[in-house]
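By convention in this document, chain letters (A, B, ...) are assigned in the order of the sequence lines, proteins followed by strands, and residues within each chain are numbered from 1. Keep in mind that what you see is a predicted model, and the values were worked out from it rather than measured. As a basis for the values below, the full set of heavy atoms in this structure was taken, side chains included, without hydrogen atoms, waters or symmetry mates.
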Protein chains: 2
Amino acid sequence: MDASRRVTPVAAPLRNLVVRALRQEILDDVMHPGDRLLESALCERYGVSRTVVREALRQLESERLITVLPNRGPIVSVLSVHDITSLYEVRGSLEGLAGELFARNASEADAVALINLLDKMESTYLHGDLRSRGSSKDTFYRILLAGGRNEILAEDLSRVHTRIGIFRHYAFLDEDRVSTSMLELRRIVDAAARQRDAARARAACEEHIRLAGELAIVEYRRRVPDLTHS
Amino acid sequence: MDASRRVTPVAAPLRNLVVRALRQEILDDVMHPGDRLLESALCERYGVSRTVVREALRQLESERLITVLPNRGPIVSVLSVHDITSLYEVRGSLEGLAGELFARNASEADAVALINLLDKMESTYLHGDLRSRGSSKDTFYRILLAGGRNEILAEDLSRVHTRIGIFRHYAFLDEDRVSTSMLELRRIVDAAARQRDAARARAACEEHIRLAGELAIVEYRRRVPDLTHS
DNA sequence: GAACATTAGTTCGTCAGACGAACGAAAGAG
DNA sequence: CTCTTTCGTTCGTCTGACGAACTAATGTTC
């Protein structure tokens, strides 16, 4: 049907391409939580065999991006309020560690890079649109995590970011939240890159996520009809 | 060859059974880091088809328990000193969160359960053997995490525990480390279950893992021939 | 006409067999 | 002894098949 989605083999296992494509479509909200993912449909969609699709599904399953209902098949995972709270707690803890490690391990060049990025972000983030806010935030994390010298943390955190998915972007729509967020980022950079104060860097990162989490819950409740009394 | 390993279908996808069996064998050091895992060999070993084996491998791969070399196939993952350091940093952060959440969220019954377990551990852990130490420590974590009311944290932490794998158990062989560890556990329980002091509980958990991590590195260097100048 | 039993269709879970591509080791040539 | 060729191994992918479990439609009975 939609040949443009068809994946092209390029020296990487097909399944990885399918994983990426499918993950991206879930993240981009092309598919919604609860939607069924029929193997046959995915085969057609990406132009690959069932073998490939099934292996891709197994990987997304262990990333918790999809949920496989017994004898029913996979659906896009549905997050409850409790899940979101939990994810933000974990995220806060990991990002706290990220800030701490940057303060302790980053090279002078890393520190300069973060400071420079923060400058740029006054326009790309504070006064940017949804897309530029997203990408500058991504860059921020890339530098922060690279400076911390802990690739496992980087990977685990990226997995959490993926799971939180669309809720992460809500913050970019709220101008108030963005300016507050910018203040927090300045505090993080000051502690982690300028002062090299591990404890403060950690606290600043945690606080940043605590606030982001609260907002995500508010947005979640606004978007998802109240199901608490069902 | 070894029909006793053959997996028996019992109302759960075969692949899950294979995942569990394979994971356990890696954890039990039946297979060693770097060992190749030939699909054909695994098919015979567990008496299942390639489809099942390959899907199981995909899951273990995203748990990072195995590493798939391009066009070569999977091997049991090899951890470097840096990986272990990184894993313990992440573990410390997550267990700190676990302690904090227990202090904040646990029911009175949870608290009592943890306090009672600590009593039992004076014999099952402090004066136990390798097996009883392992299982009482597992129980400790089960109660701690259940009280924190964050299933995502529980799952992520369990994944880290799995990846650290055998290094976790080294601590149970060192009598000195065990008594120190027991002291730390008392401190954790006191802060998390008795005082309900979230900050102290967190700090105690982190300190516990910091020390465990240092020991793991020492043991690692003892066991793995020095490769730094290769 | 409503409740229940039966049937047919869908989708997954698993298996078997096949083929090409990439890698590694062994054999042969210079 | 080194370089090249060849061959076997193992993965990556595809196809086709079958039973089991669920869903929906159909039909039967009261």
Task: For B/H169, side chain to side chain donor-acceptor pair (under 3.5 Å) partners two or more places apart - done: none
- [ ] Just do the salt bridge (charged side-chain N to carboxylate O under 4.0 Å, His left out) check on A/E214 and A/R210 with the steps written out, would you?
- [x] CA-CA 6 Å; A/E214 280 174 12; A/R210 207 183 54 73; 2.7 Å; yes
TODO: In whole angstrom, give the distance that lies between atom CZ of B/R54 and atom C1' of D/dT13.
DONE: 8 Å
- [ ] Answer yes when B/R64 and B/D83 have at least one side-chain N-carboxylate O distance shorter than 4.0 Å, and no when they do not.
- [x] no
Task: Stems where DNA chain D pairs, listed by first number, each of three or more Watson-Crick or G-U pairs under 3.5 Å - done: C:1-30 with D:1-30
Task: Nucleotide D/dT13, atom P - distance to CD of B/E55 in whole Å - done: 14 Å
- [ ] For DNA chain D, determine which residues of residues 31-42 of chain A have any heavy atom closer than 4.0 angstrom to one of its atoms, and list them numerically.
- [x] none
TODO: Please state how far atom CZ in B/R50 lies from atom P in D/dT9, giving the value in whole angstrom units.
DONE: 15 Å
Task: Spacing of B/R72 atom CZ relative to D/dG12 atom P, expressed in whole Å - done: 12 Å
Open item on the list: Testing A/H161, A/R202, A/H208 one by one against A/E95 for a side-chain hydrogen bond (donor to acceptor under 3.5 Å, both in side chains), which residue passes?
Closed with: A/H161
Open item on the list: Checking B/R177 now: which residues fulfil salt bridge (Lys or Arg N to Asp or Glu O under 4.0 Å) with it, not counting sequence neighbours?
Closed with: B/E184
Task: Any side-chain heavy-atom pair of B/E39 and B/L57 under 4.5 Å - done: yes
Open item on the list: Tell me every residue that passes side chain to side chain donor-acceptor pair (under 3.5 Å) with B/H32, counting only those two or more places apart in sequence or in another chain.
Closed with: none
Open item on the list: Once you apply a heavy-atom cut-off of 4.0 Å, does B/R15 come out as touching a base, just sugar-phosphate, or nothing?
Closed with: sugar-phosphate
Open item on the list: Taking B/M121's backbone N and O only, do any of them form a donor-acceptor pair with B/S136's side chain (distance below 3.5 Å, no angle check)?
Closed with: no
Task: Step-by-step salt bridge (charged side-chain N to carboxylate O under 4.0 Å, His left out) determination, B/R58 to B/E55 - done: CA-CA 5 Å; B/R58 294 290 87 74; B/E55 292 186 18; over 6 Å; no
Task: Flag for B/S93-A/S93: side-chain donor and acceptor within less than 3.5 Å - done: yes
Task: Geometric class of the B/F172/B/Y125 ring pair [parallel <30°, tilted 30-60°, perpendicular >60°] - done: perpendicular
TODO: Using the heavy-atom set of chain B and a strict 4.0 Å cut-off, write down the first and last nucleotide of DNA chain C that makes it in, 5' to 3'.
DONE: C/dG13 to C/dG24
